[in-house]
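Right, one structure below, let's go through it.
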Amino acid sequence: MHPYDARAIETQWQRHWKSTQAFRSTNPGEPGFDPKAPKFYVLDMFPYPSGSGLHVGHALGYVGTDVIARRKRMQGFNVLHPMGWDAFGLPAEQYAIQTGKHPRATTAENTANFKRQLELIGLSYDWSREIDTSDPAYYRWTQWLFLKLHERGLAYQAEVPVWWCEELKTVLANEEVINGRSERGNHPCVRRPLKQWMLKITAYAERLLADLDLIDWPESIKIQQREWIGRSEGAEIRFDVEHDGGAITVFTTRPDTLWGATFMVLAPEHALVKTITTADRRAAVEAYQKEATAKSELERGDASKTKTGVFTGAYARNPGFEAGDPRGRVPVWIADYVLLGYGTGAIMCVPGHDERDHAFAQAFGLEVREVVLPPKGAKGLADGVCFTEHGTAVNSGPIDGLATPAAKAKAIEWLVARGIGKARVTYKLRDWLFSRQRYWGEPFPLLHGADGSIVPVPEDALPVLLPEMQDFKPAPDGSAPLARAKDWVTTIDPRTGKPVRRDTDTMPGWAGSCWYWLRFMDPKNDQAAFSKEAERYWGPVDLYVGGAAHAVMHLLYARFWHKVFFDAGIVSTPEPFQKLFNQGMVEAFAYQDATGRLVASDEVEPRGHAFVQKASGAELQQIVTKMAKSLKNVVNPDDIIAEYGADTFRLYEMFMGPLADSKPWNPRDIPGCRRFVERVWRLFVDPEAEAPIKPQFALGAKEPALEGATLALERGVHRLVARTDDAFHHFNLNTAIAAMMGFLNDAMKTPEAFTRSQALRFVQVLAPFAPHMAEELWQRMGAPGEVARSAWPRPDPAFLVDDEIEIPVQVNGRHRATVKVPKDAEPAAVEAAARAGAGAHLDGKEVVKVVVVPKRLVNFVVR
RNA sequence: GGGGAGAUGGCGAAAUCGGCAGCCGCAUCGGACUUAAAAUCCGAAGGCCGCAAGGCCGUGCGGGUUCGAGUCCCGCUCUCCCCA
């Protein structure tokens, strides 16, 4: 009486794992720590616990890392596999404002729900290391680490034009504003100058770029980070303003084109605009400045857009020409395609060799001068085309005749010698806007004195607790909600006894995730963020898995903080995440009618190979898209597990395709995985019998001789292990499951030949994927301990190749026959066998050439 | 606009050292078992032609390299994702 009962088996083993703390990993110095075991730290990007819970797409990465973690444990690694909550942030607060529920309460509910869901999947996290970024025991150290940045001069306050969202009543980072609307909620945003906390990430630009070479990350992510950092080499050149005595400094990546600069453009916000603008141009200039402020940087930078700008009335001297040379007199304009934050906020314009300058000159009838001759064959100004590539310098005084790279170097030399310029490197990367006028975040541990001084809260006075507030709505004027907690704001500087005011901003949602992988190493420490020993042992993260969506922001911020800690001697590695892996998106089917309108998935039924709308019978087109509530195609793991069990759910998640690929969730495919699980069960257990396991697999069962079907299965087991190892190597775990299914099909054909020793190894291979069933079978077989801690089997090469192998025979590259030859047959023997096998295909033909690839194929080239 | 990834049966996919295209699964069809159905088991199946044997065509499209290309090179089309 042993039918397969997924629920019973899974709840029992989940309870067992919990009560025995089966997946707790030990730190150096703790009882049970094995100093000989190598460590493996496998980390998921921890979730923001939203109210809607996990869907099957989140679970993909978590199941993937779990399968990897479980196998690593079996391979003898001390595995750190933790989970926690990125719990501070805007959505919780928005929700709280809408519902009146305190974010602390909703966060607690949501994290409890997430944890329940994760446990239901049977994930082997070390829950003793669970962390919550909104817990004072955690954010105490976030504040402490912020002070380390502050100490090192990397946190400063500045009046900067920032995105202000009227609806959310807060400033947002550049990356949180899309097309002038907030990423969260899609509310309109405007730019406004405000005093804000900034982090000097630009000070680390060079190292963030260079150290990408140290880490094993997807090239695509590295490219995106390099792009974001945007290093460019060039020169800074000073242009004197006529009649004014002032000077405009520009940055250019093409100092060799100086002699082609026929005008200049300043960012509308550039400080010099005010002083150089002539009286007759003032009205036009000011009107234009006002307009530009409202635009996003993207709109302004868009090269495809028509150029706008106004003349300031002022002229500057191009220093490439002698005083008095009319070619050196260049008009100064302002235009919004020049950004204040990039380079110097001013450019020299070379309309002959820069697309945007060219468009601008065309639009306003400014002079175009050729100073770079295109190489033979390439189109240049002579053909009416703006030439931006490398060529030969012309009309350029001291650098005439030089190829662009040499011309650049010579131009810089020439500028330096005359004291009008120097080599310079700039970055697109900007400093990081780090404050928010919101409630649900880490308070800044800083005190403002009456005299304007700012001092850190002493370390022993941390954490600065977020005050309990009932009304934490943003104020209409944009001032921070914390400013209204009067008792909290007013305090005493413990060092001087003087009254001071607390800083009332909070940190952005990214703050908590800038160091959480370090806290997981030593999560209960109340003397330090983490101990040096723990960090030296566990760091860096060996495998970090998450969506490619975080390619830039989180991963760049995290690297930045980590490098600061490295410089401060707090961590021992220059990079936090040695290997990064991006799991693919889980998409879902959605359905469109003939007009392209989307039809909710629950109103659709299949008809043959097509799909129709239930109500109307209209034929629908099945499309693949992301899961969204509005499409009613979000799938919750709870439902799948309730119907099929966690082992089936895990198998399906992994069987869908390679971990890195995007692939659609197809509910019709899940029963296939369930069938596999049931077939495994029936191979081992006779549901009708008394015995918990078939006698041939029980402890003490006689091991038959390795011959006939048993030998074939033995080879099968070794091949299975080898294929599985390979699958882990490539993260295409679907092929491991395909291999298990293939082996199972073989074993089911000759079940009596399947031995206990083979069965044990099969269960071990199954264990990372379907851990509940594997543990249950392991126990029923009377095997020692838990399969989760058993030693992963090794394939023996002697069993991987059959004595006879099949060789395809081609004639002129076309497959014509297959011949069987001994595995070690000589090429001549293989060719002879192939010639016989090809038979009639060679009759009457002249064999020009024979290609024999040992163990692979034979190809006859004939005429 | 910039950047990234991808395109293989009705569907998810496999074949990454250039060597039998389609392992494994889903859906489909046929058979066995059953009073019947479900479940289970066995079998078929890329397309076209053919009773069959067999042949031809086939990895988004067009070229190229090679004895041999899903895989490498050049050009194109389309899709998805990311950044704003």
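Chain identifiers are assigned alphabetically (A, B, ...) following the order of the sequence lines, protein sequences preceding nucleic acid strands; residue numbering begins at 1 within each chain.
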Does [X] place a side-chain N or O at less than 4.0 Å from the phosphate oxygens OP1/OP2 of [N]?
X         : N       : answer
Arg856(A) : rA15(B) : no
Asn734(A) : rG12(B) : no
Arg682(A) : rC41(B) : yes
Arg675(A) : rC26(B) : yes
Asn732(A) : rA15(B) : yes
Arg816(A) : rG55(B) : yes
Asn859(A) : rU66(B) : no

For [X], answer base if it contacts any base atom (sugar-phosphate contacts may also be present), sugar-phosphate if it contacts only those atoms, and nothing otherwise; contact means non-hydrogen atoms under 4.0 Å.
X         : result
Glu219(A) : nothing
Asn745(A) : sugar-phosphate
Pro218(A) : nothing
Arg723(A) : base
Ile223(A) : sugar-phosphate

Rounded distance (Å) that lies between atom [atom2] of [N] and atom [atom1] of [X]:
X         : N       : atom1 : atom2 : result
Asp661(A) : rG6(B)  : CG    : P     : 8 Å
Lys663(A) : rA5(B)  : NZ    : P     : 17 Å
His815(A) : rG58(B) : NE2   : P     : 18 Å
Arg835(A) : rC67(B) : CZ    : P     : 19 Å

Taking the nucleotide of RNA chain B with the nearest heavy atom to each, does Ala738(A) or Pro808(A) sit closer to the 5' end?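 Its nearest nucleotide lies further toward 5', so the answer is Pro808(A).
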*Considering heavy-atom distances to RNA chain B, does Val861(A) or Gln224(A) have its closest nucleotide positioned more toward the 5' end?*
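Per heavy-atom nearest nucleotide, the more 5' residue is Val861(A).
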Original post:
Nearest 0.5 Å, what's the CG-CZ distance between Leu212(A) and Arg559(A)?
Top reply: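 Nearest 0.5 Å value for the CG-CZ distance: 4.0 Å.
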Tell me whether the centres of the aromatic rings in Phe743(A) and Phe754(A) are closer together than 6.0 Å.
yes
task: Could you tell me whether Trp665(A) and Tyr652(A) have their ring centroids closer than 6.0 angstrom?
output: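 That pair passes the under 6.0 Å test.
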(request) List the atom of Ile670(A), the atom of Ile640(A), and the distance in Å for their closest heavy-atom pair. (result)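 Closest heavy-atom pair between Ile670(A) and Ile640(A): CD1-CD1, 4.0 Å.
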Separation between the P atoms of rA21(B) and rU59(B), rounded to whole Å
12 Å
Closest of rG2(B), rG4(B), rG19(B) to the Glu227(A) side chain is rG2(B)
Considering only heavy side-chain atoms of Arg814(A), the closest of rG12(B), rA14(B), rC57(B) is rC57(B)
Which nucleotide, if any, forms a Watson-Crick or G-U wobble pair with rA38(B), using both distances under 3.5 Å?
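By the stated definition (distances under 3.5 Å), nothing pairs with rA38(B).
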